[in-house]
Q: 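For reference, the structure I am asking about is given below.
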Amino acid sequence: MSEEKSLNFLEEIVQEDLSTGKYQKIHTRFPPEPNGYLHIGHAKSICLNFGLADSYGGKTNLRFDDTNPVTEETEYVDSIKADVRWLGFEWDGEHYASDYFEKIYGFAVELIQKGLAYVDDSSAEEIAAGKGTPTVPGENSKFRNRSKEENLNLFEEMRAGKYRDGEKVLRAKIDMASPNMHMRDPIMYRIKHANHHRTGSTWCIYPMYDFAHGQSDSIENITHSICTLEFEVHRPLYNWYIEQLGIFPSHQYEFARLNMNYTVMSKRKLLQLVQEKYVDGWDDPRMPSLSGMRRRGYTAAAIRNFCDRIGVQRRENIIDIGLLEFCVREDLNKISDRRMAVLDPLKMVITNYPADTTEHLDSENNPEAENNGGIRKLPFSKELWIEREDFMEVPAKKWFRLAPGAMVRLKNAYIVKCDSFTKDGEGNITEIQCTYIPESRSGHDTSGINVKGTIHWVSVPTAVPAEVRLYDRLFKVEDPSAEGNFKDFINPESLEIVQKAWIEPSLANAKPGEHFQFIRKGYFTADEKLSVPGKPIFNRTVTLKDAWAKEIKKG
RNA sequence: UGCCCGAUAGUAUAAGGGUAGUACAUCAGAUUUUGGUUCUGACUGUCUUGGUUCGAAUCCAGGUCGGGCAACCA
């Protein structure tokens with residue numbers, strides 16, 4: 001059974017640290033800033049952090065990096081917690097950087113006392129100018145050599161609210177000539193007279209990311225602090241603070257963030273889509289947010305599996321969104337009951353079938369289900385709705401659906417032959433007339449006739465109308481962020497609302513969030529927000545693979 | 001032209017000095033009462049130039065290309 005599973009580089013590090021005894025147990029953390037909703041990129045990080053702890057018997061904290069009160073809100077905290085739980089993970093400790101503000105303040109005082117930090121009165125512009133550029137060394141601030149006492153006093157006054165926003169900052173005293181920009185006397189604290197979602201007006205000075213994140217890691221005894229590649233250049237600073245403070249030596253490791261084609265992943269851009277109403281909220285089913293994907297019908301299992309398949313490395317990557325869709329279909333195929341729904345209806349009349357008769361035919365719920373999905377009864381009658389695209393007046397080559405004179409199987413029912421059709425004044429086909437073969441009933445077929453095509457249908461008298469929303473990718477180009485304004489590349493057809501599709505009666509009671517496969521059309525999920533009892537609204541989660549569509553493309 | 005990081009099929013990801021493998025995608029076929037599922041087969045790859053070695057995707061050096069870093073954001 002020992003199938004060799006190759007380890008990713010982080011698993012190797014952890015395994016090494018465990019086997020050498022560097023740590024007895026590992027402790028990771030997932031550290032979102034509560035300034036937006038979680039997206040599929042975060043899922044990679046969540047699966048990584050919680051997965052590592054799961055595999056190696058460690059723990060994972062959920063910690064909100066809430067050091068910037070002006071962008072953070074409780075709404076985001078709540079959504080983040082819900083999304084992490086939905087993904088299937090439970091955190092060990094729920095923490096907030098803001099819980100540590102007093103402690104971090106103490107760390108700052110300690111550094112001042114050690115002569116390693118100073119209060120700078122320079123303006124933001126002056127500080128930026130003094131930093132130099134990547135190729136030109138910076139210059140020391142004229143406030144760099146204030147005495148410890150003066151710094152201590154000033155810093156205390158900052159905390160006490162004596163100064164306005166931007167009037168002063170606390171800076172670490174490191175090296176203005178460092179080739180690493182982050183080591184050129186980075187800002188540790190800034191003044192913000194703003195209401196914090198948790199601490200309210202208790203503080204008017206807030207630590208910067210670099211002076212809060214590593215300190216929080218250390219306070220929580222995080223052994224492996226895993227973040228994305230862009231923080232790599234911060235690592236020397238991360239280490240510097242910890243070393244100067246002599247606190248628990250958490251170690252930072254970086255991995256390449258998830259990128260996916262046909263979408264955008266930055267919180268800033270996603271927020272724009274929401275605020276400028278290109279989508280209907282963070283949980284719009286077209287959004288790559290976890291809440292959007294959930295609403296669309298993606299399952300947590302599919303997303304976890306996706307994160308597992310994409311792997312973890314340090315090289316930049318762009319994952320094909322097709323892989324995500326594959327994972328979604330793979331899971332939905334196993335768990336979704338099959339149902340019939342006609343999205344673009346055309347009436348079929350079976351001329352030789354008795355009127356006022358309804359048969360109830362057996363239909364399998366899900367032939368792929370792990371322990372037999374069972375059957376349901378499906379009403380059948382003289383008049384049916386079929387899919388308009390399943391009839392061609394002049395059949396294409398390799399066409400094996402309905403056409404004049406052609407025979408098809410009605411799924412779970414009879415074989416029918418198309419005898420004629422009717423058009424309206426504008427040349428639109430309004431009805432087709434067929435005859436059925438009584439001996440061909442599914443499961444009792446003695447007709448000996450073999451047909452190549454099988455189509456789905458819904459019986460007219462018992463059909464229930466329902467709204468169905470067809471989603472397509474949000475952007476029409478692979479890389480919307482490549483050049484220009486990403487919003488120019490929004491796919492105008494990313495949402496098509498079918499006001500009145502006909503669904504089989506059993507679908508009328510679909511529960512919000514319930515998944516189905518509409519036979520031959522795709523996987524659909526009852527919208528968890530808009531559905532009302534007895535009147536579900538369905539979201540198309542993902543289409544089925546379509547070999548015929550491919551055939552047409554080839555021409 | 002400073003510092004840091006990276007480079008394996010179309011896209012991802014393995015191989016840790018010894019047969020370049022897997023998944024998705026693509027193509028071909030089989031099965032099929034979903035043109036779905038399942039199954040079979042095919043296809044295409046180590047950025048480059050040197051070096052070390054019996055042997056290099058792997059180690060070393062130079063180059064090329066790509067990414068990151070100059071927010072009182074995280």
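Chain letters run A, B, ... following the sequence lines, proteins first, then strands; residues in each count from 1.
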Q: Measure the distance from OH on A:Tyr523 to P on B:U34 and round it to the nearest whole Å.
A: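 Atom-to-atom, A:Tyr523 to B:U34, this comes out as 13 Å.
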Q: Please determine which of A:Arg376, A:Lys377, A:Lys411 meets the salt bridge (Lys or Arg N to Asp or Glu O under 4.0 Å) test together with A:Asp362.
A: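 Single salt bridge (Lys or Arg N to Asp or Glu O under 4.0 Å) partner of A:Asp362 among A:Arg376, A:Lys377, A:Lys411: A:Lys377.
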Q: From C-beta outward on A:Met181, which listed nucleotide comes closest to its side chain: B:C72, B:A70, B:G36?
A: B:A70
Q: Could you list by number each residue of residues 170-178 of chain A showing a heavy-atom separation from RNA chain B of less than 4.0 Å, or answer none if no residue does?
A: none
Q: Is the Lys NZ or Arg CZ of A:Lys192 less than 6.0 Å from the centre of A:Tyr206's six-membered ring, within 45° of the axis?
A: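 That pair does not qualify as a cation-pi contact.
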Q: Remember a base hit wins even if backbone is also touched, and classify A:Phe231 as base, sugar-phosphate or nothing at under 4.0 Å, heavy atoms.
A: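 Contact class for A:Phe231: base.
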Q: Which nucleotide wins on minimum distance to the side chain of A:Ala547, given the candidates B:A12, B:G36, B:G68?
A: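 Between B:A12, B:G36, B:G68, the one nearest the side chain of A:Ala547 would be B:G36.
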Q: Report which part of the nucleic acid A:Ile310 touches: base, sugar-phosphate, or nothing (heavy-atom distance under 4.0 Å, all strands).
A: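 Counting heavy atoms under 4.0 Å across all strands, the contact made by A:Ile310 is with sugar-phosphate only.
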Q: Return no unless some side-chain N or O of A:Arg257 is found under 4.0 Å from OP1 or OP2 of B:G6.
A: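 False: A:Arg257 side-chain N/O out of range (4.0 Å or more) of B:G6 OP1/OP2.
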Q: Classify the nucleic acid contact of A:Ile519 as base, sugar-phosphate or nothing, counting any heavy atom under 4.0 Å across all strands shown.
A: base
Q: Need one value for A:Asn35: base, sugar-phosphate or nothing, where a base atom within 4.0 Å counts as base even if backbone is also close, heavy atoms only.
A: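 Nothing, no nucleic acid heavy atom in range.
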Q: So A:Tyr206, base contact, sugar-phosphate only, or nothing? Heavy-atom distance under 4.0 Å.
A: nothing
Q: Any base atoms under 4.0 Å from A:Arg441, or only sugar-phosphate, or nothing? Heavy atoms, all strands.
A: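 Touches a base.
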Q: Measure from CZ on A:Arg184 to P on B:C4 and round the result to the nearest Å.
A: 14 Å
Q: Could you give the OH-to-P distance, from A:Tyr76 to B:A74, as a whole number of Å?
A: 16 Å
Q: Nearest to the side chain of A:Arg190, heavy atoms from C-beta on, is which of B:G36, B:C4, B:A74?
A: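 Of the options given, the side chain of A:Arg190 lies nearest B:A74.
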Q: Taking the six-membered ring for Trp, are A:His234 and A:Tyr238 ring centroids under 6.0 Å apart?
A: no
Q: Nearest whole angstrom, please: distance from the C1' of B:U34 to the CG of A:Leu332.
A: 15 Å
Q: Got a sec? Which of residues 443-459 of chain A come in under 4.0 Å of RNA chain B, heavy atoms?
A: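 Per residue number, the list reads A:Gly443, A:Thr454.
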Q: Let me see the working for A:Tyr436 and A:Tyr353 under ring-ring contact (aromatic ring centres under 6.0 Å, His included), right down to the final yes or no.
A: CA-CA 7 Å; A:Tyr436 86 115; A:Tyr353 194 87; 5.0 Å; yes
Q: Over how many whole Å does the gap from A:Asp66 atom CG to B:C73 atom P extend?
A: 15 Å
Q: Both A:Gly311 and A:Pro31 contact RNA chain B. Which one's nearest nucleotide lies toward the 5' end?
A: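 By nearest-heavy-atom nucleotide position, the 5'-most residue is A:Gly311.
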Q: Mind checking the P distance from B:C3 to B:A42? Whole angstroms is fine.
A: 49 Å
Q: NA contact type, A:Ser363, heavy-atom cut-off 4.0 Å: base, sugar-phosphate, or nothing?
A: nothing
Q: Would you tell me if any nitrogen or oxygen in the side chain of A:Arg315 comes within less than 4.0 Å of OP1 or OP2 on B:U13?
A: yes
Q: I'd like the C1' distance from B:A25 over to B:A9, given in whole Å.
A: 11 Å
Q: Measure CZ/A:Arg63 against C1'/B:A74 and give the value in whole Å, please.
A: 12 Å
Q: Give me the distance, rounded to whole Å, that separates B:U38 from B:C54 when you measure between the P atoms they each carry.
A: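 Nearest-Å result for B:U38 against B:C54 at atom P: 50 Å.
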Q: Considering only the C1' atoms, how many Å lie between B:C47 and B:U31, rounded to the nearest integer?
A: 44 Å
Q: Students often get this wrong, so: under 4.0 angstrom with heavy atoms, is A:Ile415 touching a base, only sugar-phosphate, or nothing?
A: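 Nothing, no heavy atom under 4.0 Å.
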Q: OP1 or OP2 of B:A14 versus the side-chain N and O atoms of A:Gln313: is any pair under 4.0 Å?
A: yes
Q: May I ask you to check whether A:Phe231 and A:His213 place their ring centers less than 6.0 Å from one another?
A: no
Q: A:Phe326 CZ to B:U22 P: how many Å, rounded?
A: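 Rounded to whole Å, this separation is 15 Å.
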Q: Is it the case that the ring center of A:Tyr105 lies less than 6.0 angstrom away from the ring center of A:Phe155?
A: yes
Q: In whole Å, what separates the P atom of B:G35 from that of B:U13?
A: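 It comes out at 36 Å once rounded to the nearest Å.
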Q: Please determine whether a side-chain nitrogen or oxygen atom of A:Lys550 lies at a distance below 4.0 Å from atom OP1 or OP2 of B:C27.
A: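 Looking at the OP1 and OP2 atoms of B:C27, one of them is under 4.0 Å from a side-chain N or O of A:Lys550.
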Q: Could you tell me if the ring centre of A:Tyr37 sits under 6.0 Å from that of A:His39?
A: no
Q: Check every strand shown and say whether A:His234 touches a base, only sugar-phosphate, or nothing at a heavy-atom separation below 4.0 Å.
A: base
Q: Hey, does A:Arg338 reach any base, or is it just sugar-phosphate, or nothing, if we go heavy atoms under 4.0 Å?
A: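 The answer is base, as A:Arg338 lies within the cut-off (heavy atoms under 4.0 Å) of a base atom.
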Q: Using a heavy-atom cut-off of under 4.0 Å over every strand shown, decide if A:Arg309 touches base, sugar-phosphate, or nothing.
A: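 Since only primed, P, OP1 and OP2 atoms lie under 4.0 Å of A:Arg309, the category is sugar-phosphate.
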Q: Could you go through the side chain to side chain contact (heavy atoms under 4.5 Å, CB included) check for A:Asn305 and A:Asp331 one step at a time?
A: CA-CA 9 Å; A:Asn305 189 239; A:Asp331 190 41; over 6 Å; no
Q: From the list B:C72, B:G35, B:C69, which nucleotide is the closest neighbour of the side chain of A:Ala124?
A: B:C72
Q: When the nearest nucleotide of RNA chain B is assigned to A:Thr135 and to A:Arg235 on a heavy-atom basis, which residue is associated with the more 5' position?
A: A:Thr135
Q: When you measure only distances, ignoring hydrogens and angles, does the side chain of A:Glu368 come within 3.5 Å of the base of B:U38 through a donor and an acceptor?
A: no
Q: Could you work out the separation of B:U32 and B:C39 based on their P atoms and round it to a whole Å?
A: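 That atom pair is separated by 16 Å.
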Q: Is there a donor-acceptor pair closer than 3.5 Å between any side-chain N or O of A:Asp479 and the backbone N or O of A:Asn261?
A: no
Q: With Watson-Crick and G-U wobble geometry limited to distances under 3.5 Å, how should the secondary structure of RNA chain B be encoded in dot-bracket form, using | for bases paired to another strand and [ ] for crossing pairs?
A: .((((((..((((....[..)))).(((((.......)))))....(((((..]....))))))))))).....
Q: Do we get A:Arg198 above A:Tyr96's six-membered ring, with its NZ or CZ under 6.0 Å from the centre and within 45° of the axis?
A: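 Judged by the rule (NZ or CZ under 6.0 Å from the ring centre, within 45° of its axis), A:Arg198 counts as positioned above A:Tyr96.
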Q: Between B:U34 and A:Lys521, is there an OP1 or OP2 to side-chain N/O distance shorter than 4.0 Å?
A: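 Indeed not, no polar side-chain atom of A:Lys521 lies that close.
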Q: If you measure from CG on A:Asn195 to NE2 on A:His193, what distance do you get to the nearest 0.5 Å?
A: 13.0 Å
Q: Whole angstrom is fine here: how far is it from CG in A:Asn180 over to C1' in B:C5?
A: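 Value for this atom pair: 13 Å.
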Q: How long is the gap from CG on A:Asn140 to OH on A:Tyr118, to the nearest 0.5 Å?
A: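 Answer for the CG-OH pair, A:Asn140 versus A:Tyr118, is 7.0 Å.
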Q: Ignoring hydrogens and angles, state whether a donor on the side chain of A:Gln517 or A:Tyr523 is under 3.5 Å from an acceptor on the partner side chain.
A: yes
Q: ring-ring contact (aromatic ring centres under 6.0 Å, His included) between A:Phe524 and A:Phe518: does it pass, once the steps are laid out?
A: CA-CA 7 Å; A:Phe524 291 75; A:Phe518 289 0; 4.2 Å; yes
Q: Just how far is it from atom CG of A:Leu170 to atom CG of A:Asp185, taken to the nearest 0.5 Å?
A: 10.5 Å
Q: Closer than 4.0 Å, any side-chain N/O of A:Lys131 to the OP1 or OP2 of B:A71?
A: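 No, no such contact exists.
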Q: Between A:Arg338 and A:Glu364, is there a salt bridge with N-O shorter than 4.0 Å?
A: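 Result for this pair is no, no salt bridge flagged.
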